[in-house]
Amino acid sequence: MKTSFLFGKTTRETPSEAQIRSHQLMVRTSMIQSVASGIYSYMPLALRSMQKIEHIIREEIGNAGGQEVLLPTLHPVELWESTGRSEAFGDNLFRTKDRRNRGLVLAPTHEEVMTNLVKFNISSYRDLPIILYQIQTKFRDEPRPRAGLMRVREFDMKDAYSFDINSEGLDVSYQKMKQAYKNIFSRCGLSTIPVEADSGAIGGKDSQEFILPAESGEDLVLSCPNCEYAANVERAEGTIPSPPTQDQLPIKEVATPNQKTIPGLCKFLNIEPINTLKALFYTADGEIVFVVTRGDLEVNEIKLKNLLKVSDLRLANNTEVENKGLIAGSAGPMGIKNIKLVGDSSITKGSNFVIGANKHDFHLLNVNYERDFVVDILGDITKTEEGHGCPSCGGTLKEIRGIEVGHIFKLGTFFSEALGCLYLNDKGEQLPVHMGCYGIGVGRLLAAAIEQNHDDKGIIFPISIAPFHIHLVSLNTEKEEVVHQSNALYKDLTQTGYQVLYDDRAESPGVKLNDADLLGLPIRIITSNRNFNNDCAEVKLRNEKDSKIIPIKDISATIENILQTTG
RNA sequence: CGGGGCGUAGCGCAGUGGCAGCGCGCCUGUUUUGGGAACAGGAGGUCGGCGGUUCAAAUCCGCCCGCCCCGACCA
């Protein structure tokens, strides 16, 4: 491809709307163009990269036994109502109607329609297991699209689904897919960590996300430097610090004028947050619940939601709190009636806590769990933080920010039961299939790859997903013989089978070299008057500092050698 | 949905009531060619939209729309 022919131009300046590096670089290289918030056009360079990613995905999912299909984007809304997910997705679902006023949705994912497809094409355990996948555009009306391709409203996703006769079979499919995912990311030249993830509203046993570490990532992972443990903060179950046990002292009421926060209270009483219990009020599916946790810890709302088995959870507003007669700032779990009390297990670790006295500007000292109060539900609802203990080996957990580039998930029988995707076993019994689902966002993966592979000059593409292998940059285009010989080299490299972007423009050397750095193709070949005078060209790798002067006749062998060693 | 910011040429921005501007990019010509060249000439604008105030509005007021960031939300 000649640069003079390539659709799209590089820009020197970054549009102000692009904040993160991958977004800036993708706009400056003319890979993508924004059409509306969270909606992008993909231009030739981006598309080439995405097609390479898709090719790797197809090979690896194929190796794992997956067969490719293509499902519709428009689904009848009834299909989504039959699993309750029309309501569950709510406003995230793009909805439309056809001319006969029938409700349709633009699919955000494809469990329903895939399960439905399989339902009509299996009948016996002999038909299973099956893994099907597609690469398909998804639509989600995200509340806040952001960060270029990281979170968008229309995006291409590889989604795979496994169908097995039982949970043991599902385990096997899941492991195959997990391995396929590892292969995909490593072939894309990316380092990712598999982390335990929350399994969300559908439930299901296992769920892992593949996180690509990056400062700009939306996800927070707690990871153990000493062992393999890593979990999304939504799910992480680190061990919390325990204060030394003390003899339980008698309760004492103290005046605490205007002390409504844990830090203020601690300063006033000269104690540490770990010596306090804090009260939070949530509205859980419409019911007010009183949540108590140790003062040094935060509540993990996902864990709370799972513990309470509710679908809608938010902090209660002032009116709701006051209507229940609760006194924010001085609320405590002692003497609470007619309100569900939920406690984090941390409240049993420690003694002689300070709690609110349920009386304005008063707190109680020396309150102990069981002796002085009990909760209706006790469980782990703590947000694990850096410094907490690793649940697996006892090491100290570290926080890592990252981008979720893949998610694998055991669904169990939720969809097969709801949609009647059943098979007959060898005893003639009718049973629901056990499903798993496995997603990779293609555009997000590309953005994440750039987020992980760039410097201050531009992208540094891993060769497996670079839009071209070689950037042939011809300087001195004013010299006819240089043009002639560059053309010949371009033709030669292309015929050998390399994908070459040939910068044949009559631009100044600075412009062309900076553009080459910006786009970041892995191998650069520079032709110029002075090199051709010696029958040489210059070869430089984007991720290396120095270049080599190579005789033209040896260029092919040099490139071949580079490709062999870099994969 | 809450908080904040922004909207003026393709991009980056200046312009607080009186002729719509600058830099980059773009077009033409001449020169130039190893790290974003020089000179000369040129094209390009419903100043996000609607309404109001005013002799006069990019500028002041009101409403709306869009975009970005933080949070909420997010299979």
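Every chain is numbered from 1 and lettered A, B, ... according to where its sequence line falls, protein lines coming before strand lines. Atom set for the values below is all heavy atoms of this structure, side chains included, hydrogens, waters and symmetry mates excluded.
- Under the rule for a salt bridge (charged side-chain N to carboxylate O under 4.0 Å, His left out), the partners of A:Glu298 that lie at least two apart in sequence or sit in another chain are A:Lys278.
- A straight line from CE of A:Met150 to C1' of B:C69 spans 16 Å, rounded to a whole angstrom.
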Problem set entry | Contact state string [nucleotides 23-33 of chain B, B base, S sugar-phosphate only, - no protein heavy atom under 4.0 Å] | BSS-------B
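- Here the C1' atom of nucleotide B:C11 and the CG atom of A:Leu25 are 16 Å apart, to the nearest Å.
- Whole-Å rounding puts the A:Asp503 CG to B:G35 P distance at 15 Å.
- The side chain of A:Val511 lies closest to B:G36, out of B:C73, B:G36, B:G34.
- Donor-acceptor pairing under 3.5 Å is lacking for the side chains of A:Thr29 and A:Thr10.
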Could you list the protein-to-nucleotides 3-10 of chain B atom pairs, N/O on both sides, closer than 3.5 Å?
none

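- At a threshold of 4.0 angstrom between heavy atoms, the contacts of A:Arg151 include nucleobase atoms, whether or not backbone atoms are also involved.
- Rounded to whole angstrom, the span from the CE atom of A:Met157 across to the C1' atom of B:C74 amounts to 13 Å.
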Under 3.5 Å, which donor-acceptor pairs do the side chains of residues 69-78 of chain A form with other protein atoms, sequence neighbours left out?
residue : atom : partner  : partner atom : Å
A:Thr73 : OG1  : A:Gln136 : OE1          : 3.3
A:His75 : ND1  : A:Trp80  : NE1          : 3.1
A:His75 : NE2  : A:Pro72  : O            : 2.9

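- Atom P of nucleotide B:C74 and atom NE2 of A:His407 are separated by 14 Å, given to the nearest angstrom.
- Residue A:Glu301 is classed as a sugar-phosphate contact, given heavy-atom separations below 4.0 Å to backbone atoms only.
- Nearer the 5' end of RNA chain B, as judged by each residue's closest nucleotide, is the contact made by A:Thr10, out of A:Gly38 and A:Thr10.
- Using Watson-Crick or G-U wobble geometry with both donor-acceptor distances under 3.5 Å, B:C22 finds its partner in B:G12.
- Across B:G45 and B:G21, the matching C1' atoms stand 11 Å from one another, rounded to whole Å.
- Comparing B:A37 with B:G25, their P atoms sit 8 Å apart, to the nearest whole Å.
- With hydrogens and angles left out, the side-chain atoms of A:Thr14 and A:Gln24 include no donor and acceptor closer than 3.5 Å.
- Base pairing of B:A43 is not made with any nucleotide, judged by Watson-Crick or G-U wobble geometry with both donor-acceptor distances under 3.5 Å.
- Scored by the salt bridge (charged side-chain N to carboxylate O under 4.0 Å, His left out) test, A:Lys305 finds no partners at all (sequence neighbours excluded).
- Within 4.0 Å of A:Lys138, counting heavy atoms only, lies no atom of the nucleic acid at all.
- Between the side chains of A:Glu81 and A:Ser86, no donor-acceptor pair of N or O atoms lies under 3.5 Å.
- With hydrogens and angles left out, the side-chain atoms of A:Tyr438 and A:Ser162 include a donor and acceptor closer than 3.5 Å.
- Annotation: B:U31 and B:G48 have their C1' atoms spaced 43 Å apart (nearest Å).
- Between the side chains of A:Ser207 and A:Arg235, no donor-acceptor pair of N or O atoms lies under 3.5 Å.
- Across all strands shown, B:U54 forms no Watson-Crick or G-U wobble pair with both distances under 3.5 Å.
- Distance CD (A:Glu404) to P (B:C74): 13 Å, rounded to an integer number of Å.
- Mapped onto RNA chain B by nearest heavy atom, A:Asn92 and A:Ser547 fall at different nucleotides, with A:Ser547 at the one closer to the 5' end.
- Closest to the side chain of A:Glu142, out of B:G35, B:C74, B:C11, is B:C74.
- In this structure B:G2 sits in a base pair with B:C70, meeting the Watson-Crick or G-U test at under 3.5 Å.
- Across all strands, A:Arg28 comes closer than 4.0 Å to base atoms (heavy-atom distances).
- Across every strand in view, B:G7 sits in a pair with B:C65 that passes the Watson-Crick or G-U test at under 3.5 angstrom.
- Checked by atom type, the side-chain pair A:Lys138/A:His110 shows a donor-acceptor distance below 3.5 Å.
- Rounded to whole Å, the separation between the C1' atoms of B:U59 and B:U8 comes to 11 Å.
- No engagement by A:Glu218 is indicated, since no non-hydrogen atom pair under 4.0 Å with the nucleic acid exists.
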Using nucleotides 39-46 of chain B, report all nitrogen or oxygen pairs with the protein that are shorter than 3.5 Å.
none

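- At the heavy-atom level, A:Lys540 lies nowhere under 4.0 Å from the strands shown.
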Dump the pairs, protein N or O against N or O of nucleotides 64-66 of chain B, anything under 3.5 Å, distances to one decimal.
none

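- A gap of 11 Å separates the C1' atoms of B:A9 and B:C26, to the nearest Å.
- The aromatic ring centres of A:Phe281 and A:Phe290 sit less than 6.0 Å apart.
- Among residues two or more places apart in sequence or in another chain, the ring-ring contact (aromatic ring centres under 6.0 Å, His included) test is passed with A:Tyr229 by none.
- In this structure, of B:G34, B:G71, B:G35, it is B:G34 that holds the atom nearest to the side chain of A:Asn531.
- Residue A:Asn529 places no side-chain atom within donor-acceptor reach of the base of B:G34, judged by atom type and a 3.5 Å distance cut-off alone.
- With rounding to whole Å, A:Phe409 atom CZ is found 13 Å from B:C74 atom P.
- Counting only residues at least two apart or in different chains, salt bridge (Lys or Arg N to Asp or Glu O under 4.0 Å) contacts with residues 433-456 of chain A comprise A:Asp455-A:Arg542.
- For A:Lys305, taking side-chain heavy atoms from C-beta onward, the closest of the listed nucleotides B:G35, B:C69, B:C74 is B:C74.
- Looking at the side chain of A:Pro143, the nearest of the listed nucleotides B:G35, B:C73, B:C74 is B:C73.
- The CG atom of A:Asp141 sits 12 Å away from the C1' atom of B:C74 (whole-angstrom rounding).
- Taking a pair to require two hydrogen-bonding distances under 3.5 Å in either a Watson-Crick or a G-U wobble arrangement, B:G34 remains unpaired.
- Side chains of A:Asp159 and A:Tyr161: a donor on one and an acceptor on the other come within 3.5 Å.
- Counted by atom type alone, A:Gln175 and A:Asp171 present zero donor-acceptor pairs between their side chains at under 3.5 Å.
- Aromatic pair A:Phe210/A:Phe185: centroids less than 6.0 angstrom apart.
- As judged by a 4.0 angstrom heavy-atom cut-off over every strand, A:Thr14 is placed among residues touching the sugar-phosphate backbone only.
- As judged by a 4.0 angstrom heavy-atom cut-off over every strand, A:Ala147 is placed among residues touching the sugar-phosphate backbone only.
- With sequence neighbours excluded, no residue satisfies salt bridge (charged side-chain N to carboxylate O under 4.0 Å, His left out) with A:Asp504.
- Partners of A:Thr109 under the side-chain hydrogen bond (donor to acceptor under 3.5 Å, both in side chains) rule, at least two apart in sequence or in another chain, are A:Glu111.
- Taking atom C1' on both nucleotides, B:A58 is separated from B:G18 by 13 Å, rounded to a whole Å.
- With sequence neighbours left out, A:Glu154 forms a salt bridge (charged side-chain N to carboxylate O under 4.0 Å, His left out) with no residue at all.
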